[in-house]
Amino acid sequence: MSEVQDEFSAVITKSLVTLVHGLETKFDAEMAAMTRVPWGTLESVGDQSGYVNGINMILSSSIPVLGSLLSPIYFQFFLDKLASSVGPRFYMNIFKCKQISETGAQQMLLDTQAVKTILLEIPSLGRQTSGAAGYSKFVSREMSKAEALLKVILSPVDSVADTYRALLPEGTPMEFQRILELKGLKKSDQQSILDDFNKGSPAISQPSSAAPVGQSMAPAPPASTVPAISNPASAGFIASREDVLTRAAALGRGAATTGFKRFLALTEAAKDRKDGPFRKLFNA
């Protein structure tokens with residue numbers, strides 16, 4: 001019966017993936033609404049935006065139904081696939097927006113934190129919290145990338161490259177150029193920043209045990225031979241990664257305290273998720 005079991009498992013997997021895709025499709029209108037917000041001309045930071053409320057309504061109406069229909073192991077699979085999709089999609093959707101001012105970035109940071117909170121509440125909405133700890137960590141990790149991106153946009157022009165390298169070490173020159181466009185910099189002003197950014201090795205010192213940053217941007221020698229600042233002309237750059245992270249942490253604090261309800265504490269299951277036969281099939 002092994003072939004029959006394999007076929008049955010494949011049908012289950014496809015069904016669950018279809019459920020995730022169906023929920024993603026419902027988000028299309030909200031993602032489009034996010035790009036239509038005039039982020040470049042916002043005058044103040046308020047409560048969470050309308051598209052966030054829309055996402056909340058979709059999940060509030062869908063997740064309880066799915067939680068009542070799916071067994072714990074299938075619901076966990078559904079959660080994992082949803083988290084691996086929504087986080088990266090939200091991140092990429094930021095790049096689809098037009099110019100983002102400092103106030104706009106603050107508001108979007110507030111929205112991002114609100115979306116993360118909504119996603120973290122999904123296990124409770126589905127009344128299935130077993131295995132929620134692993135899911136919560138995954139959501140926090142994925143959504144933190146969007147928060148990091150917005151902090152890069154919020155950073156001053158003279159340190160934007162260092163902040164980008166520190167917060168998004170896997171970023172690309174093309175993505176960095178798009179960030180400069182989102183900040184509203186003219187092409188002529190972008191060029192000097194891009195030249196410095198593309199000149200080679202990372203300008204931010206890394207621990208010796210860490211993998212070299214920026215290898216995809218330009219060839220770099222082994223980690224043991226990379227100096228903290230490889231370009232003497234970049235004396236204006238922030239030399240210490242810790243300094244960059246400290247400054248970045250301060251960015252967006254206004255958004256975190258203005259009109260935003262603090263994260264609700266989630267009750268997470270104490271035991272780790274188990275690897276059953278279906279789980280291994282799904283992860284294959």
Side-chain angles (χ1 to χ4, degrees), residues 16-35 37 39 48-49 51-60 62-63 66-67 75-97 100 105-126 128-129 131-154 163-164 166-172 174-176 178-179 182 248-249 251-252 255-256 260-261 263-264 266 268 273 282-283:
L16 292 170
V17 171
T18 302
L19 286 177
V20 174
H21 181 68
L23 196 56
E24 287 178 331
T25 302
K26 292 183 178 181
F27 291 148
D28 288 348
E30 309 309 326
M31 294 290 99
M34 176 182 173
T35 63
V37 175
W39 300 109
Q48 62 192 39
S49 302
Y51 72 90
V52 178
N53 296 329
I55 292 173
N56 189 31
M57 289 180 61
I58 292 170
L59 292 174
S60 297
S62 302
I63 297 301
L66 293 172
F75 187 71
Q76 186 62 48
F77 175 80
F78 170 83
L79 288 182
D80 292 347
K81 291 298 181 184
L82 183 66
S84 64
S85 170
V86 175
R89 183 181 183 186
F90 190 89
Y91 178 90
M92 295 306 300
N93 209 56
I94 296 175
F95 288 100
K96 295 181 181 179
C97 299
I100 303 176
Q106 291 273 2
Q107 178 65 51
M108 196 182 292
L109 185 59
L110 182 154
D111 292 344
T112 302
Q113 293 166 340
V115 170
K116 181 168 70 172
T117 300
I118 293 169
L119 293 176
L120 289 172
E121 292 172 346
I122 287 180
S124 297
L125 280 175
Q128 295 196 34
T129 56
Y135 164 79
S136 298
K137 290 179 181 178
F138 192 82
V139 168
S140 297
R141 185 183 69 199
E142 290 300 314
M143 293 304 294
S144 67
K145 295 177 183 178
E147 293 174 340
L149 173 59
L150 293 168
K151 289 182 178 182
V152 174
I153 296 173
L154 277 167
T163 306
Y164 180 65
L167 298 184
L168 296 168
E170 297 179 357
T172 65
M174 185 178 297
E175 186 177 89
F176 180 66
R178 180 60 184 136
I179 289 174
L182 289 174
L251 297 172
F260 179 67
K261 295 180 180 179
F263 289 172
L264 299 177
L266 292 175
E268 298 181 345
R273 69 177 70 170
F282 294 152
N283 290 333

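In this chain, residues are counted from 1 in sequence order.
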Give the minimum heavy-atom separation between [X] and [Y], together with the two atoms involved.
{"X": "Trp39", "Y": "Ser49", "answer": "CH2-OG, 4.0 Å"}
{"X": "Tyr51", "Y": "Ala33", "answer": "CB-CB, 4.1 Å"}
{"X": "Gln48", "Y": "Asp111", "answer": "CA-OD1, 3.4 Å"}
{"X": "Ile55", "Y": "Phe27", "answer": "CG2-CE2, 4.0 Å"}
{"X": "Val52", "Y": "Ala114", "answer": "CG1-CB, 3.9 Å"}
{"X": "Ile58", "Y": "Lys26", "answer": "CD1-O, 3.2 Å"}

State which residues pass side-chain contact (heavy atoms from CB on, under 4.5 Å) with [X]; sequence neighbours excluded, sorted by chain then number.
{"X": "Ser144", "result": "Glu147"}
{"X": "Ala29", "result": "none"}
{"X": "Asn93", "result": "Met31, Met34, Thr35, Lys96"}
{"X": "Val139", "result": "Ala83, Lys116, Leu119, Leu120, Tyr135, Met143"}

With sequence neighbours excluded, what pairs up with Arg141 under the side chain to side chain donor-acceptor pair (under 3.5 Å) test?
none
Are [X] and [Y] side-chain neighbours, meaning at least one heavy-atom pair lies under 4.5 Å?
{"X": "Thr117", "Y": "Gln113", "value": "no"}
{"X": "Val20", "Y": "Val17", "value": "no"}
{"X": "Phe90", "Y": "Leu149", "value": "no"}
{"X": "Phe78", "Y": "Leu19", "value": "yes"}
{"X": "Pro123", "Y": "Leu79", "value": "yes"}

Can you tell me how far [atom2] of [Y] sits from [atom1] of [X], rounded to the nearest 0.5 angstrom?
{"X": "Lys151", "Y": "Thr112", "atom1": "NZ", "atom2": "OG1", "result": "11.0 Å"}
{"X": "Ser136", "Y": "Ile122", "atom1": "OG", "atom2": "CD1", "result": "10.0 Å"}
{"X": "Leu125", "Y": "Leu59", "atom1": "CG", "atom2": "CG", "result": "7.5 Å"}
{"X": "Leu154", "Y": "Thr163", "atom1": "CG", "atom2": "OG1", "result": "10.0 Å"}
{"X": "Ile94", "Y": "Arg178", "atom1": "CD1", "atom2": "CZ", "result": "11.5 Å"}
{"X": "Ile118", "Y": "Glu121", "atom1": "CD1", "atom2": "CD", "result": "7.0 Å"}

Donor-acceptor contact present, side-chain Ser140 to main-chain Lys137, <3.5 Å
no
Salt bridge (Lys or Arg N to Asp or Glu O under 4.0 Å) against Glu142, all qualifying residues, sequence neighbours excluded
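So Glu142 forms a salt bridge (Lys or Arg N to Asp or Glu O under 4.0 Å) with Lys145.
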With Phe95 via ring-ring contact (aromatic ring centres under 6.0 Å, His included) - residues at least two apart
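Once residues adjacent in sequence are excluded, the partners of Phe95 under the ring-ring contact (aromatic ring centres under 6.0 Å, His included) criterion are Tyr91.
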Would Tyr164 and Ile179 count as a side-chain contact (heavy atoms from CB on, under 4.5 Å) if you check the C-alpha gap in whole Å, the side-chain angles of each, and the deciding distance to 0.1 Å?
CA-CA 9 Å; Tyr164 180 65; Ile179 289 174; 3.5 Å; yes
Pair Cys97-Met108, side-chain contact (heavy atoms from CB on, under 4.5 Å): steps then yes or no:
CA-CA 11 Å; Cys97 299; Met108 196 182 292; 4.0 Å; yes
